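Proteins come first, then strands; the chains are lettered A, B, ... in the order of their sequence lines, and each starts at number 1. Owing to the predicted nature of the structure, the values given are computational and were not obtained by experimental measurement.
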Amino acid sequence: MTVSYKATAGAAPSAQGLTTLASVLPKVIFAIYMVLFFAYLFLPLLVMAAATFNTSKFPTVTPWLGTTLDWFSALWADSAMWQALRLSILISLGVIAISLPVGTAAALFLNSLQDRSRSLFYAVMVSPLLTPGVAIGIATLVLWRQVGVGGGTALIILAQSSFISAYVMLMVAARMQRFDRTLEDAAVDLGASRIVVFRRILLPYLKPSLLAATCIAFLQSFENYNTTLFVRGTETPLTVYIATKVRTGLSPAVNALGLVLIAATILAAIAYELARRRRSSGSEA
Amino acid sequence: MSRSVELIDVEMTFGKARAVEKLSVAIEGGEFFSILGPSGCGKTTILRLIAGFMQPTGGRILIGGRDMVGIGADQRPTSMIFQSLALFPLMPVWENIAFGLEVRGVRKADRRKRAEELLELIALPGYGDRMVHELSGGQKQRVAIARALAVEPQVLLLDEPLSALDLKLRQHMRAELRSLQKRTGVTFIYITHDQSEALAMSDRVAVMSAGVLQQVAPPLELYSNPATPFVARFVGETNEFPGRVERVADGMAAIETAHGLFTGRSGANLKVGDQAIVYVRPEAISLAAGADANGLHAVAEQLEFEGATAMLHAKTDGGYRLSAALPHHRLAEAPTAGTNVRLSFAASQALVLAHA
Amino acid sequence: MHSLFQRFGVGLGSVILICVATWLLGMVLAPNLMMLDFSLRPNLMPAQIGGPDDRYTLVNFTALFSDPVHRGIFLKTIWASALVMATTFVVTYPMAYWLAKVARRKAVAFVTVALIIPFWINEVLRTLAWYILLAFNGPLNVVLTSLGVIDAPVRWFSDIGVLAGMVYAYILFMLFPVYNSISTLDSAQVEAARNLGASTLQIHRRIVIPHAKAGIATGCVFTFMLAAGSYVAPALLGAPGSRWFTEIIYNWFFEGGNWNRGAAYALVLLALCMAFVMAALRIFRVNLADVAK
């Protein structure tokens with residue numbers, strides 16, 4: 001494209017020089033933008049990662065007091081951290097157990113509705129996503145206090161599920177939209193009961209979106225802070241533990257935790273991608 | 001032969017819209033029965049009513065003599081081949097074919113064996129472990145048929161299953177469907193908007209328009225003796241000469257038209273003085289003048305060569321543009337554009353129907 | 001309802017219905033109604049509850065607007081959230097356009113992964129990264145002073161720090177919706193506009209942005225809502241004296257001991273976000289169905 005323009009404008013050499021500058025300038029500006037964008041994205045992370053290896057008691061890279069791996073062993077020895085991690089995983093599993101069936105049911109429900117009532121229910125169902133997390137936490141806390149249930153693991157699971165179900169619903173509904181309903185008709189016509197149609201036709205079709213929704217639900221729950229803060233009672237899941245650490249005695253062990261979490265998710269993602277590739281190549285062979 | 005499917009005064013309305021008007025028809029066991037009509041005429045609705053996806057708002061449906069009221073699609077002795085085929089994309093071919101057996105609780109080894117037999121029947125042996133998306137259009141078609149036959153239905157319902165195929169493959173599949181039907185002896189109810197498909201394959205054809213059953217007849221009868229103006233126009237090509245009935249006698253009627261007095265076979269309920277139309281197929285019109293024939297003058301306008309025949313378009317004195325099919329061996333006599341031609345057709349080849 | 005049972009049968013249909021009802025009534029509607037009820041009652045001793053003083057009152061709401069400090073913080077939260085939203089859009093738009101229309105497929109895949117990595121760790125850790133970077137003796141001040149850009153270290157823990165941290169935290173919520181909607185634009189439209197002599201600015205203003213409005217609306221709604229409801233970034237990166245609205249709410253609950261007032265404040269925050277959603281839908285003329293995708 002650019003080449004052909006240059007060729008036509010190339011009658012006078014000076015004009016060509018001008019055109020080149022005019023066509024290069026936006027590229028230079030864009031290149032600077034890209035560099036700044038990624039610097040903005042990664043510098044904080046690099047600093048945080050680097051600080052893990054600094055002997056300084058407070059996580060920083062300036063001044064560099066010496067390189068060490070001690071903070072990993074400090075993290076390993078931190079029993080409170082392990083407890084918080086265990087609790088966070090427990091909560092995530094609870095949230096998945098609730099939001100996966102609820103969100104799927106909501107998607108199926110929407111899919112069976114007429115246009116008008118569908119858009120009404122849709123609005124109600126996505127509203128938790130547009131609600132600030134603190135408001136969700138507070139509303140749940142206030143409701144359950146009426147029946148004598150205080151903040152704690154159960155309330156954290158309930159409060160998180162109320163909006164994570166909406167994520168699941170969106171992901172399942174998106175796949176549902178592309179589902180060919182005549183497949184259900186065909187199965188019924190061949191004698192399948194409603195339950196069998198669901199188990200044998202619809203559920204296998206939805207499986208990829210259910211898997212993805214499980215991952216999203218896990219991540220959303222695992223990293224939730226705002227909602228959890230209000231319904232946690234005296235429990236301390238991992239995000240709350242980290243935030244407390246920041247106030248009461250930040251040490252590079254927290255950075256080490258961040259690094260470990262990134263490494264774990266990257267490994268999980270690679271494993272998932274490899275498994276997916278193997279499966280798709282297997283089905284093509 | 002026993003009656004396989006019987007519709008008695010079946011009606012279907014969606015809200016205020018009437019999809020099917022009071023309709024009765026009996027389909028014999030082992031018959032290849034087509035329902036032909038333009039899109040939106042209610043033919044798919046009838047198929048879905050028979051399959052049990054919908055309950056009629058009026059009338060009764062009997063299959064094998066049994067009233068189907070309250071019996072769902074999963075319990076009926078019918079199986080359907082969908083327009084989209086609706087093969088299950090996540091199952092290999094053999095599981096698709098054996099799905100109906102699976103839901104009936106047949107053991108896996110038996111299912112597999114039956115699937116292999118059916119794959120033999122449809123000439124796709126060894127394809128059991130392929131995935132559906134690996135098959136060609138025609139192969140998918142045959143798998144859909146095998147899947148429907150696996151449950152040993154009394155009636156196979158086919159909803160325009162050939163419409164997605166290209167012309168050559170479609171013609172091939174027609175013959176294959178027909179021979180499969182003869183071999184299995186299953187009643188086929190075939191929905192189509194393609195008249196040549198219906199005429200080529202069927203024992204009998206039902207023509208529908210706007211939810212109303214127009215005529216049920218074997219293909220030949222449908223073509224030569226259409227019962228209503230709609231059938232005359234929809235099935236095959238035809239020329240129309242409107243006019244007034246002058247005489248009715250011995251099954252023949254004479255009509256005064258703008259092009260002259262024509263005689264033709266009389267349809268039902270014609271009276272002298274009625275408004276009527278004379279229908280003549282293009283191939284019934286010839287260049288030569290016959291003794292007892294109806295004759296008319298026209299000016300040749302255009303000649304379209306179509307292979308086996310050539311279609312002559314000519315304008316009559318009355319301003320009507322008619323079509324006449326000239327057989328291959330008479331092409332030498334074909335008039336050039338602008339010349340006057342004298343055309344004729346035999347009274348036995350013309351049909352007179354009351355103006356609708 | 002009827003079609004639900006017809007499609008899934010009575011058993012499965014009932015399970016679906018029960019799941020949906022439990023969620024919408026029990027986990028969404030009931031808590032919010034209770035919060036409303038709570039916010040309309042005065043803060044009483046346990047003994048007084050149900051007594052003559054336990055009446056509906058608007059005092060919790062009027063308190064917010066009659067207290068100049070709280071009112072000020074509320075208003076500041078609104079405009080600061082709007083600023084976060086606008087900044088996020090400006091920062092992400094070129095990247096979204098580049099990913100959707102310019103970059104090759106491999107580059108898109110690579111950049112997408114690069115973008116997601118920072119978001120595999122949670123908001124608290126992300127904010128912590130900024131906390132370390134912006135510290136008074138932290139690397140940013142050290143580098144800038146050694147380069148001679150600034151003479152003395154700057155106190156970054158301020159509105160600037162909050163802005164930087166929030167834009168960072170919510171960048172993907174803007175980038176992906178905008179990217180998605182731009183990628184549905186037919187590239188031929190851009191070429192046609194260029195062919196007709198439109199400048200780059202005109203192309204974006206008249207062709208790309210109008211086409212991507214649903215995605216932009218989505219991004220704006222989410223970043224505004226997340227910013228207004230944010231707790232970590234202002235707590236960590238803000239100047240010691242300045243507070244965010246959510247911090248006041250937290251204090252009512254866990255330090256001030258007035259849950260009723262806290263509920264009222266949370267409800268005001270909720271109402272603000274809902275009003276913003278409505279306004280965005282109206283301004284961009286899009287449906288909710290286009291937004292939450």
Quick one: pull up CG in C:Leu125 and CE in A:Met48 and give me the separation to the nearest 0.5 Å. 5.0 Å

Which of parallel (below 30°), tilted (30 to 60°) and perpendicular (above 60°) describes C:Tyr231 and A:Tyr225? tilted

In terms of relative ring orientation, are A:Phe198 and C:Phe8 parallel, tilted or perpendicular, with 30° and 60° separating the classes? perpendicular

Per-residue contact mode, C:Ser230 against chain A (heavy atom under 4.5 angstrom): backbone

Side chain, backbone, both or neither: which part of A:Met171 has a non-hydrogen atom closer than 4.5 Å to chain C? neither

Quick check against the 3.5 Å criterion: does C:Trp23 have a side-chain atom that pairs as donor or acceptor with the backbone of A:Ser162? yes

Taking atom CG as the centre, does C:Leu201 end up with more than 12 heavy-atom neighbours from other residues, nucleotides or ligands that are less than 6.0 angstrom away? no

State, with a plain yes or no, whether a side-chain heavy atom of C:Arg7 is found less than 4.5 Å away from one of A:Arg181. yes

Max heavy-atom pairs within cutoff under 4.5 Å with chain C, candidates A:Leu45, A:Val134, A:Val61, goes to A:Leu45

Heavy-atom distance under 4.5 Å between the side chains of A:Pro26 and C:Thr200, does that happen here? no

Which answer fits C:Tyr250, side chain, backbone, both or neither, if we ask what part of it has an atom under 4.5 Å from a heavy atom of chain A? both

In terms of heavy-atom proximity below 4.5 Å to chain C, should A:Ser161 be classed as side chain, backbone, both, or neither? both

So, taking the atom named CZ in C:Phe136 and the one named OG1 in A:Thr60, what distance separates them when rounded to the nearest 0.5 Å? 13.0 Å

Separation between CG (C:Leu12) and CD1 (A:Ile195), nearest 0.5 Å, reads 4.5 Å

Heavy-atom pairs under 4.5 Å with chain C, option from A:Thr239, A:Val142, A:Leu202 with the top count: A:Val142

If one checks every heavy atom of C:Ala30 against chain A at 4.5 Å, the contacting part turns out to be both

Quick check: are there more than 12 heavy atoms from other residues, nucleotides or ligands sitting under 6.0 Å from CZ of C:Phe173? no

Which bit of C:Phe276 is near chain A, if near means a heavy-atom gap under 4.5 Å: side chain, backbone, both or neither? neither

Answer key: most heavy-atom pairs under 4.5 Å with chain C among A:Val197, A:Leu261, A:Leu250 is A:Leu250

Counting heavy-atom pairs under 4.5 Å with chain C, which one of A:Ala159, A:Gly103, A:Ala166 comes out on top? A:Ala166

Option in C:Phe253, C:Phe254, C:Tyr265 with maximal non-hydrogen atom pairs under 4.5 Å from chain A: C:Phe253

Mind ranking C:Val167, C:Val10, C:Val143, C:Ile18 by heavy-atom pairs under 4.5 Å with chain A and telling me who comes out on top? C:Val167

Is chain A contacted by the side chain of C:Leu115, its backbone, both, or neither, given a heavy-atom distance below 4.5 Å? both

Top contributor to chain A contacts, counting heavy-atom pairs under 4.5 Å, from C:Gly13, C:Ala114, C:Ala228: C:Ala114

Validation row: C:Ile249, A:Phe230 side chains within 4.5 angstrom (heavy atoms): yes

Positions in residues 35-42 of chain A that reach chain C, provided some heavy atom is under 4.5 Å away: A:Phe37, A:Phe38, A:Tyr40, A:Leu41, A:Phe42

Separation between CD (A:Gln160) and CE (C:Met27), nearest 0.5 Å, reads 10.5 Å

Which region of A:Asn224, side chain (C-beta onward) or backbone (N, CA, C, O), has a non-hydrogen atom less than 4.5 Å from a non-hydrogen atom of chain C, or is it both or neither? neither

Could you tell me whether A:Gln114 atom CD has more than 12 heavy atoms of other residues or ligands within 6.0 Å of it? no

With a 4.5 angstrom heavy-atom cut-off, is it the side chain or the backbone of C:Leu236 that approaches chain A, or both, or neither? side chain

Looking at C:Ser3 and A:Ser112, would you say the former's side chain and the latter's main chain have a donor-acceptor pair under 3.5 Å? yes

Within the 4.5 Å heavy-atom criterion, are A:Leu130 and C:Phe222 side-chain neighbours or not? yes

What part of A:Val254 gets closer than 4.5 Å to chain C, counting heavy atoms only: side chain, backbone, both or neither? both

Measuring only between side-chain heavy atoms, which start at C-beta, is C:Trp259 closer than 4.5 Å to A:Leu141? yes

Should we say atom CZ of C:Phe110 is surrounded by more than 12 heavy atoms from elsewhere, each under 6.0 Å from it? no

Contact leader toward chain A among C:Val91, C:Val28, C:Thr246, where contacts are heavy-atom pairs under 4.5 Å: C:Val91

With a 3.5 Å distance limit and no angle check, can you tell me whether C:Asn32 reaches the backbone of A:Ala139 through a side-chain donor-acceptor pair? no

Would you confirm whether A:Tyr33, through its side chain, and C:Met95, through its main-chain N or O, come within 3.5 Å as a donor-acceptor pair? yes

Chi angles and distances behind the side-chain contact (heavy atoms from CB on, under 4.5 Å) call for C:Met274, A:Thr131: CA-CA 8 Å; C:Met274 288 300 154; A:Thr131 307; 3.6 Å; yes

May I ask you to test the A:Val124-C:Leu24 pair for a side-chain heavy-atom distance under 4.5 Å? yes

Gap between atom CD1 of C:Ile132 and atom OG1 of A:Thr52 - 0.5 Å precision: 7.5 Å

Does the side chain of A:Gln146 reach to within under 4.5 Å of the side chain of C:Met34, using non-hydrogen atoms? yes

Between C:Val20 and A:Met125, does a side-chain contact (heavy atoms from CB on, under 4.5 Å) hold up when you go through it step by step? CA-CA 9 Å; C:Val20 173; A:Met125 284 174 180; 3.9 Å; yes

I'd like to know whether NZ of A:Lys57 has more than 12 heavy-atom contacts from other residues, nucleotides or ligands below 6.0 angstrom. no

Distance (rounded to the nearest 0.5 Å) between A:Ile136 CD1 and C:Met35 CE: 9.0 Å

Heavy-atom pairs under 4.5 Å with chain A are the metric here; pick the option from C:Ser39, C:Ala235, C:Cys19, C:Gly26 that has the most. C:Cys19

Side-chain heavy atoms of C:Leu128 within contact of A:Val246, under 4.5 Å: yes

Which of the residues A:Ser165, A:Gly258, A:Pro128 is involved in the greatest number of heavy-atom pairs with chain C at under 4.5 angstrom? A:Ser165

